[in-house]
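Numbering of residues begins at 1 and proceeds along the displayed sequence. Order of appearance sets the numbers: ligands from 1, and atoms from 1 within every ligand. The structure presented is a predicted model; accordingly, all values stated were derived computationally and were not measured.
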Amino acid sequence: MKKIVTIQDISCYGKCSLTVALPIISAMGIETSVIPTAVLSTHTGGFTGYTFRDLTDDIMPVSEHWKSLGLEFDAVYTGYLGSVKQVELMSDFFDMFRTEKNYIIVDPVMGDKGVLYAGFGNDFISGMKKLCGKADIILPNMTETSFMLDIPYAQAEAENGNEDFIKSCLVKLTDLGCDTAVITGVQKNGTHQGAVAYQKSTDTFASSFRNHINAYVHGTGDVFSSAFSGAVAKGASLQKSLDIAVNFTADCIEATLPIPENYMNGVYFEKCIKNLAEISENI
Ligand code: PXL
C-alpha cells in the first residue's frame, strides 16, 4: 500500500484541509499519515471569530520521531500552513523525508478570488515561493499564481481563458525551482473549467477540463489537491492525475449545487467518494 503524509490544519467545521484530505486519500487506498499544523474552530475563508490553536512547536518533534522510526512516504503533500515559521519548517521536513523516488507536492494555499486569506501578507508569499522551489509539483489557483508571479489579479482574471497566458504563467512558476506546476480554476472557451500543467523536465503541457459550474463552493482546492496527490502517489501519469482530480472535484461541486446555503461549508464529497474509491482501484 502506498503511503502519503499530508501536512495542513484541521478546521473543525467547514470541510477543507485535513477533514477532506484524510478521507479522500484513504478512500483511494493509500495509507495517510498527518501532521496537523493548527486546530481552528472553522476555516478562515468567510467565517469570523474563529479560534486558532497553533501547533508549530509539535511539527519537528513529530518529524524527528518519524525519522528515528525510519518512516518513508511515497508522497509528501502540504496544504494550508498557518505562518511563515511553518513554511520554513516544511522546508526542513522536505530535506528529512525526500527520497529518490517520492513526490513532494505543495499546494501553496494563500487565497482565493483575488484576496489573501486572513493573516497572510508579503512575507508569507515570499516564504511560499521559496517552498514551491523545493517541491516536485505545485498546485496554485489563479489567485495564488498572481501573487507568486506578481501579476495584478485583475489581469490574471481577465486573461484566464487565454491559453498562451496560462502557459507562460506555468513556465514562470516552474522557474521558481519545481519540475511541475499545475494551475487550477483555469477557464476554457467560457464554457469549461479545469486545470493546466507544465512539466519542465519533459517540456510538456497537459490539461483537463469539465463543463464550467457557475457557483463558488469553499474547499474545492483541497479536494482537487487531495485527489491529485493520491493519484500521483499511486503512480498515475500527470494527465491521468489531472483527469481524476478535475472529474472528482467537478462531481463534488455538482453534488453540492442543490444546497446553496451549504456552499460555505464545503463540498458534498461524501456523495462522490465511493466512485473515487472504485476508480482508484485501477490506478
Ligand atoms: O481550503 C483552504 C483552507 C484551509 N485551511 C484553512 C483555511 C482555508 C481557506 O480558507 O482558512 C484554515
Determine, using heavy atoms of S17 and all atoms of ligand 1, whether some pair is separated by less than 4.0 Å.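 True for this residue.
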Touching ligand 1 at all, Q8? Heavy atoms, strictly under 4.0 Å?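 Flag not set, Q8 not near ligand 1.
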Protein residue, atom and distance nearest to [atom], heavy-atom basis:
atom: atom 6 (C) of ligand 1; answer: Y80 CD1, 3.4 Å
atom: atom 5 (N) of ligand 1; answer: D9 OD1, 2.8 Å
atom: atom 2 (C) of ligand 1; answer: D222 OD2, 3.2 Å

Find out whether the Lys NZ or Arg CZ of K15 is both under 6.0 angstrom from the six-membered ring centre of Y268 and within 45° of the ring's axis.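 Verdict for Y268: a cation-pi partner in K15.
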Short question: side chain of S17, backbone of D9 - any donor-acceptor pair under 3.5 Å?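 Checking the backbone N and O of D9 against the side chain of S17, a donor-acceptor pair under 3.5 Å is found.
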Numbered atoms and elements of ligand 1 in range of [X], under 4.0 angstrom, heavy atoms:
X: G45; result: 10 (O), 11 (O)
X: H43; result: 7 (C), 11 (O)
X: V109; result: 2 (C)
X: H218; result: 1 (O), 9 (C), 10 (O)

Candidates T204, D203, T174 - the one meeting side chain to side chain donor-acceptor pair (under 3.5 Å) with Y198: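 Going through the options one by one, the only one that passes is D203.
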With under 30° as parallel and over 60° as perpendicular, where do the rings of F228 and F224 fit, or are they tilted in between?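 Plane angle under 30°, so parallel.
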Angle class for the Y80/Y117 ring planes (parallel below 30°, perpendicular above 60°, tilted otherwise)?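 Y80 vs Y117 ring planes: tilted.
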I'd like to know if the side chain of T56 pairs up with that of D54 as donor and acceptor (distance under 3.5 Å, no hydrogens or angles considered).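 There is such a pair between these side chains.
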Quick one: do the N211 and H192 side chains pair a donor with an acceptor below 3.5 Å?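 Distance-only check passes for N211 and H192.
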